[in-house]
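Both counts, for ligands and for their atoms, begin at 1 and track the order of listing.
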Amino acid sequence: MRIDVLTLFPQMFEAPFSFGIFKRAINHKLVSINLHNIRDYTHDKHHTVDDYPYGGGPGMVLKPKPIFEAVESIKSDICAKEEVTALPIILLTPQGRLFSQQIAQELAKYSHLILICGHYEGVDERVREHLVTDEISIGDYVLTGGELPAMVVIDAVVRLLPGVLGSETSPLDDSHVNGLLEYPQYTRPAVYRGWSVPEALLSGNHAQIAKWRREQTILRTLKRRPELLDKTNLCQEERQLVERLTSSPNRSQLSLDKESIE
Ligand code: ADE
């Protein structure tokens, strides 16, 4: 996958992509990340990227011309090298659709992405209307710019690309992949400061382990994000488990400090 990022602060992206899984993915050419400084696409001697809003008001607005020219230049570079059928051009903005694991999976299917990091009071509306194909928000809060959101999106997408994580199967167990939260994980020692690893995990019995994990997934989701369960297909036995746990005598089990199923 090739990801092109338009930003006023390309240096912000250096650290997150220089370590661990990301560095390996880049070195193994599973992904390439090209950073473009929007300022490089200006033509005046002050390299002006923003201007006052028409109609007045606080803050500055990013001008359309450098953004259009940057995207057009990236597009022609991509198209000169290969045939592309779909090329999402994504603006990071608190007004966008709310980012989720599902959207990460959707984006991971493309061979190219262009991300535009907004700044200041916003971006000239013509960029939204006539250039971008998608707008993404990483949450209902306002950050100083689209750089951190772009990093979040890139991270969530890149780890889904084939070969990026050590084991091909590991993203499948992630929280949110099946619409629920992941079960608790333990490693050695079996007893630490008197706290034992749940017996089911030590049993070596795969069916028992799978059952315990599924129950824990449901219990944890019920405790922390009950609304997720409404959107998930559970089998009859699992539905009964939810009903049992939410029935009045068992409700105390749903406090966050107790995670056992009786
Ligand atoms: N830019 C500023 N805040 C943002 C957010 N929450 N999501 C995406 N882009 C943003």
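The two residues Ser137 and Gly96 make their nearest non-hydrogen contact at CB-O, 3.6 Å. The minimum heavy-atom distance linking Ala70 with Leu6 is given by the pair CB-CD2, 3.5 Å.
The pair Lys65-Asp44 fails the salt-bridge criterion, with no side-chain N (NZ, NE, NH1 or NH2) lying under 4.0 Å from an Asp/Glu carboxylate O. The pair Lys211-Glu215 meets the salt-bridge criterion, since a charged nitrogen lies less than 4.0 angstrom from a carboxylate oxygen. Ion pairing between Arg128 and Glu125 holds under the 4.0 Å rule for side-chain N and carboxylate O.
Put simply, the side chain of Ser196 never gets that close to the backbone of Val191: no donor and acceptor are under 3.5 Å apart.
Residue contacts with ligand 1: Val142 is placed with no nitrogen or oxygen under 3.5 Å of a nitrogen or oxygen of the ligand (distance criterion only). For a threshold of 3.5 Å applied to N or O pairs, the pair formed by Thr144 and ligand 1 contains no separation below that value.
The distance from ligand 1 to the heavy atoms of Pro149 drops below 4.0 Å at these ligand atoms: 7 (N), 8 (C), 9 (N), 10 (C). Atoms of ligand 1 found under 4.0 Å from any heavy atom of Gly145 (numbered from 1 in listed order, with element): 1 (N), 2 (C). Near Ile136, the atoms of ligand 1 lying under 4.0 angstrom from a non-hydrogen atom of the residue are 8 (C).
None of Ile90, Leu92, Val71 except one satisfies the side-chain contact (heavy atoms from CB on, under 4.5 Å) rule with Ile116; the exception is Val71.
Nearest protein neighbour of atom 3 (N) of ligand 1, counting heavy atoms only, is Leu143 N, 3.0 Å. Atom 6 (N) of ligand 1 has its closest protein heavy atom at Tyr141 O, 2.8 Å. Looking only at heavy atoms of the protein, atom 7 (N) of ligand 1 is closest to Ile138 N, 3.0 Å. Among protein heavy atoms, atom 4 (C) of ligand 1 sits closest to Pro94 CD, 3.6 Å. Of the protein's non-hydrogen atoms, Thr93 N, 3.1 Å is the one closest to atom 9 (N) of ligand 1.
Judged purely by distance below 3.5 Å, without hydrogens or angles, the side chains of Thr7 and Glu147 pair a donor atom with an acceptor atom.
Within the structure, ligand 1 lacks Gly118 among the residues with a heavy atom less than 4.0 angstrom away.
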